[in-house]
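For reference, the structure discussed in these notes is given below.
Keep in mind that the numbers below use all heavy atoms, side chains included, and drop hydrogens, waters and symmetry copies.
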Amino acid sequence: MKIDRPVRTRFAPSPTGDLHVGSAHTTLFNWLFTRHHGGTVVLRIEDTDQKRLVQHSLGGIPDALAWLGIDWDEGPEVGGPFGPYFQSERTALYQAHAQQLVEQGHAYYCFCTPERLEEVRRERSARGLPTGYDRHCRNLTPEEVAANFAAGLQPTVRLKVPDEGQVTVDDLIRGPITVDVRTLEDAILLKSDGYPTYHLANVVDDHLMEITHILRGEEWIPTAPLHVLLYRAFGWEMPAIAHLMLLLGPDRKKLSKRHGSTSLAQFRENGILPEALVNYLAIIGWSWDDKQEIFSLPELIEKFDLDRVKPSSAIFDHQKLEWMNGYYINHILSLDELTERALPWLAGAGLVDEAAARPGTPGRQYVEDVLALEKERIKRLSEIPEMTAYFFADDLDYSYDVLVSKKQKLTPELAETGLARLREAIAAGDVADEAGTEARLTALAEELGLKRGQLFMLARAAVTGRTVSPGLFETVRVLGRERCLRRLDAALAWLREHAAEYQGAAM
């Protein structure tokens, strides 16, 4: 795509809750497009809908974007030449521009009450007509307007849509979109409380902030013709515009909570890496070729452009994201980076003291050794505490089914003998020598008349309290001889304590 002027884009989230992943997707495409072209990114907070305002979102949205790695050149916290960047602080600008449109005949005052508008909606619906506004106030005389003001009525300001003709939106992704103006409603530009609607605020701000390209979700396509009319009314050049695809759930309905996590806060709480989420969002609706899926951020910036963005809606696949997150954990993050990400989760679960796991300490080395064993199985950071708990907590939760596995066809008596002899075999050598440990346990299995798998599973159950773990000998090495001996003693004691309950039970 040829760009003949410095690019300026904006992302303008509304603080009505946590940042939705669909909004993050649109924001990311804006950001990548702008960074690719060496342009300027503007963050603007659309907080004019005071009824839906959620206070924590005012700070939560910038925090969520920062966590994702998206920065901005102008906006809250960084400032800029076109501030303020909270729309609630720009109401005087919108009011002045609304007044200008009224004076020039492109807009008019509407004194209709909510009750009248609802009555009109019901009546038109009953007649099978579009339920939009009936233009009741469009042709009020100056005297009637003055009388309404004198009576203390607070009007809205509505756009005066032309009676006939067509309007075309030149979409960078979808091509020309043409509609008949008779299908458009005289939209409200300024509400009776003095706050602007989306239509007026965005057009005014995009012009005054010198935005060159508007990239927004396809759900806003129906408003684009109104905005074209507004730009014409003001006599301004409209920025280039592109409508990005909608994110859908697997059922091809708009992505919502019923499909799983939908906010950045939820993905963060679930242990998704921001790098993996950025990578996944980037390839939803955009592709470089039909092979590459893993991209570093510099690669995305280098390769991204609108020419490869698809117009059709795209499926958000939580399983694909989880796979990609696991790939990043296992292949992209260094062991040191993974340890840094894992420590807050381990500390939060009470398994590790972060102060005792500073770089260069034995505690840090132990955590790294644990993660080196487990990382191939980790899909989310939130899994780490439960997955690795047995490496840090000695009070293992033994059970009869774990220690005396029916699958391994052990009797309680044979399991008890096996545990006692396993303790001797572990104590007899250096567990750091994995091959040596394997040789001793293999010899012991032959001596006891057991298959290797039977004895190895018993050893695994005793030192981990589980039937599934990384390789037995790697696990024993990381746990260390003393910890393994304590656990073998605990498993043997547990089995003897509960022997009466299962006396003679045949496995």
If you measure from the Lys or Arg side-chain nitrogens to the Asp or Glu carboxylate oxygens, is any gap between [X] and [Y] under 4.0 Å?
| X | Y | value |
| --- | --- | --- |
| R35 | D73 | yes |
| D289 | K303 | no |
| D186 | K160 | no |
| R116 | D134 | yes |
| E119 | R122 | no |
| D353 | R358 | no |
| R182 | E164 | no |
| K320 | E293 | yes |
| E118 | R124 | no |
| E123 | R127 | yes |
| R364 | D369 | no |

Can a donor-acceptor pair be found, under 3.5 Å and without considering hydrogens, that links the side chain of [X] to the backbone of [Y]?
| X | Y | answer |
| --- | --- | --- |
| T361 | A356 | yes |
| S287 | D290 | no |
| Y390 | M387 | no |
| N325 | L321 | no |
| S382 | N270 | yes |
| H36 | E302 | yes |
| E383 | R380 | yes |
| T212 | R8 | yes |
| R174 | P311 | yes |
| T197 | I188 | yes |

When rounded to the nearest 0.5 angstrom, what distance separates [atom1] in [X] from [atom2] in [Y]?
| X | Y | atom1 | atom2 | value |
| --- | --- | --- | --- | --- |
| I221 | I177 | CD1 | CD1 | 4.5 Å |
| L247 | E218 | CG | CD | 9.5 Å |
| D47 | R90 | CG | CZ | 11.0 Å |
| L371 | E337 | CG | CD | 13.0 Å |
| T40 | M209 | OG1 | CE | 13.0 Å |
| E269 | D18 | CD | CG | 8.0 Å |

Closest non-hydrogen atom pair, [X] against [Y]:
| X | Y | answer |
| --- | --- | --- |
| P385 | L351 | O-CD1, 3.5 Å |
| R252 | S313 | NH2-O, 4.2 Å |
| H243 | I173 | O-CD1, 3.9 Å |
| V181 | P162 | CG2-O, 3.5 Å |
| A242 | D171 | CA-OD1, 3.7 Å |
| T48 | S88 | CG2-N, 4.1 Å |

Which residue, [options], forms the ring-ring contact (aromatic ring centres under 6.0 Å, His included) with [X]?
| X | options | result |
| --- | --- | --- |
| F295 | F304, Y327, Y328, W286 | W286 |
| H207 | W236, F82, F234, Y94 | W236 |
| F267 | F316, W67, Y280 | F316 |

Flag the pair [X] / [Y] as yes when at least one side-chain heavy-atom distance between them is below 4.5 Å, and no otherwise.
| X | Y | answer |
| --- | --- | --- |
| L101 | Y108 | no |
| H136 | F111 | no |
| V167 | L184 | yes |
| V370 | V367 | no |
| L190 | T156 | no |
| Y109 | C137 | no |
| V228 | M238 | yes |
| V468 | R377 | yes |

Quiz question: by atom type and distance under 3.5 Å, do the side chains of T131 and S125 form a donor-acceptor pair? no
Please assess H20 against H25 for the test side-chain contact (heavy atoms from CB on, under 4.5 Å), listing each intermediate value before the final yes or no. CA-CA 9 Å; H20 189 274; H25 181 254; over 6 Å; no
Residue E376 excluded, over 12 heavy atoms near CD under 6.0 Å: no
State which residue, out of D317, L273, I283, I272, fulfils the side-chain contact (heavy atoms from CB on, under 4.5 Å) condition with M324. I283
Taking the six-membered ring for Trp, are H37 and F33 ring centroids under 6.0 Å apart? yes
May I ask you to establish whether R158 and Y133 are in a cation-pi arrangement, using a distance under 6.0 Å from NZ or CZ to the six-membered ring centre and at most 45° from the ring axis? yes
Check against side-chain contact (heavy atoms from CB on, under 4.5 Å), D206 and R10: CA-CA 8 Å; D206 286 345; R10 48 78 168 171; 2.9 Å; yes
Run the side-chain contact (heavy atoms from CB on, under 4.5 Å) check on N202 and I214 step by step: do they pass? CA-CA 10 Å; N202 277 273; I214 300 171; over 6 Å; no
Test salt bridge (charged side-chain N to carboxylate O under 4.0 Å, His left out) on R44 and E74; report intermediate values, then the result. CA-CA 8 Å; R44 189 173 70 222; E74 298 175 20; over 6 Å; no
Worked check of side chain to side chain donor-acceptor pair (under 3.5 Å) between Q99 and Q95: CA-CA 6 Å; Q99 180 65 33; Q95 292 166 1; over 6 Å; no
What's the verdict on side-chain contact (heavy atoms from CB on, under 4.5 Å) for T223 and Y198, showing C-alpha distance, side-chain angles and the deciding distance? CA-CA 9 Å; T223 71; Y198 171 84; 4.2 Å; yes
